There are 2 protein chains.
Amino acid sequence: MDEQTVNARLDDIQSALQQKGHRLTRSRQKIVETLLNCGGHITADGLLELVHEIDPTVGRMTVYRTLELLSELGLIRPIYQGTGAAHYILLDGGHHHHLICSGCDAVFEFEECGLQEVGQLLAERFNFAVEGHLVEFYGRCPNCQ
Amino acid sequence: MDEQTVNARLDDIQSALQQKGHRLTRSRQKIVETLLNCGGHITADGLLELVHEIDPTVGRMTVYRTLELLSELGLIRPIYQGTGAAHYILLDGGHHHHLICSGCDAVFEFEECGLQEVGQLLAERFNFAVEGHLVEFYGRCPNCQ
DNA sequence: CTCTGTGCAAAGGATTTGCACTACG
DNA sequence: CGTAGTGCAAATCCTTTGCACAGAG
């Protein structure tokens, strides 16, 4: 994500926080900024490491709690592949599509999906404010077949 | 799942195991049988409890390892919602669709999806043997909006 | 000033590992 | 018989909790 986009998204997220009555601490700013810069798809600990490069005083707990907060606000989403650490992905109105190998857990990404209508349908039926979606196909990659 | 279906699936799974050179131990039989009977969508520990009802000598590790093995064979799939224990779902050629609330983590299930063609497309492009898929929509439920 | 947010350390829960033993094929 | 599978206990990894202190509004 280029710097301009990062700053725009940073503003969005900061206003979203403030609107919900959350404060804009220095730690949170650094965490969010780092998350945007790295493009998402990172674990809590991975993010902590990156944040420490610009400010080693930020604690692990703050990262965890900030990520939880952003999840509650619907701005990011944790995804759990395998049993290891959760990965957080940016949910900028977007969708994510993974193709995962049952054998070696390799992840491929792709773009297409025809789920806009389904999303609308669900929004109506369940009275849900749909914010994004994730599609995962499972199978075996060429090597593991 | 009725008993007849369970037995049929049990046979399928047992042959799948044997074909890959895995043994058919008593513990594994009981674990697979229990998994089929309960219909899937259960945690490793939950499954262990159920298995213990028919045989308390089966160890926790065997359950974990059997589930891992079945995952590798593409017969079941772990899904991770929130950070708690993994849930395993039966992947009998099927697909699963969840609507998840970012606020309270409630999960709703639904049926429709138009992903058969996408699956085929991916199978060709990536040379993947697609076995199933999971769709998750994120948003806010009526209570959390 | 007040109350949310922070950071530390310790607790908690789920899963994995090491190793000797068992039993399938 | 040989090797894959088993079971136990301890270890590990990720995440949460409790609590006193700090800083945003």
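For clarity, every value in this text was computed on a predicted model and none was experimentally measured. Chain naming here is simple, since letters A, B, ... match the order of the sequence lines and numbering starts at 1 in each.
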**Summary of protein contacts for nucleotides 12-19 of chain C, nucleotide by nucleotide, where a base hit scores B, a sugar-phosphate-only hit scores S (4.0 Å, heavy atoms)** = --SBBBB-
**Prompt:** Does any residue of residues 28-41 of chain B have a heavy atom under 4.0 Å from DNA chain C, and if so, which ones, in number order?
**Reply:** none
**Request:** Give a yes or no on whether Gln18(A) atom CD has more than 12 heavy-atom contacts from other residues, nucleotides or ligands under 6.0 Å away.
**Result:** yes
Within the sub-3.5 Å range, which N or O atoms of nucleotides 23-25 of chain C have a protein N or O partner, and how far apart are they?
{"residue": "dC24(C)", "atom": "O2", "partner": "Arg23(B)", "partner atom": "NH1", "Å": "3.1"}
{"residue": "dG25(C)", "atom": "OP1", "partner": "Leu24(B)", "partner atom": "N", "Å": "2.9"}

**Prompt:** Who are the ring pair (Phe, Tyr, Trp, His ring centres under 6.0 Å) partners of Phe128(B), not counting sequence neighbours?
**Reply:** Phe108(A)
**His98(A): ring pair (Phe, Tyr, Trp, His ring centres under 6.0 Å) partners, not counting sequence neighbours** = His41(A)
**Asked** Got a sec, which pairs hit side chain to side chain donor-acceptor pair (under 3.5 Å) with one end in residues 115-126 of chain B, sequence neighbours left out?
**Response** Glu112(A)-Arg125(B)
**Prompt:** CD of Gln19(A) versus P of dG25(D): gap in Å, rounded?
**Reply:** 15 Å
**Request:** State which residues pass side-chain contact (heavy atoms from CB on, under 4.5 Å) with Glu68(B); sequence neighbours excluded, sorted by chain then number.
**Result:** Glu72(B)
Review item, side-chain donor-acceptor pairs of residues 53-65 of chain B, under 3.5 Å, at least two apart:
{"residue": "Asp55(B)", "atom": "OD1", "partner": "Thr57(B)", "partner atom": "N", "Å": "2.9"}
{"residue": "Asp55(B)", "atom": "OD1", "partner": "Thr57(B)", "partner atom": "OG1", "Å": "2.7"}
{"residue": "Asp55(B)", "atom": "OD2", "partner": "Lys30(B)", "partner atom": "NZ", "Å": "2.6"}
{"residue": "Arg60(B)", "atom": "NE", "partner": "Asp45(B)", "partner atom": "OD1", "Å": "3.1"}
{"residue": "Arg60(B)", "atom": "NH2", "partner": "Asp45(B)", "partner atom": "OD1", "Å": "3.1"}

**Asked** In whole angstroms, how far is the P atom of dC13(D) from the CG atom of Leu48(A)?
**Response** 16 Å
**Prompt:** Who are the side-chain contact (heavy atoms from CB on, under 4.5 Å) partners of Val118(B), not counting sequence neighbours?
**Reply:** Phe110(A), Phe137(A), Leu115(B), Leu122(B)
**Prompt:** For Glu33(B), which residues count as a side chain to side chain donor-acceptor pair (under 3.5 Å) partner, sequence neighbours excluded?
**Reply:** none
**Message:** Expressed as a whole number of angstroms, how long is the span from His87(A):NE2 to dT15(D):C1'?
**Reply:** 16 Å
**Residues forming a side chain to side chain donor-acceptor pair (under 3.5 Å) with Arg26(B), sequence neighbours excluded** = none
**Request:** Would you please name every residue forming a side chain to side chain donor-acceptor pair (under 3.5 Å) with Thr66(B), sequence neighbours left out?
**Result:** none
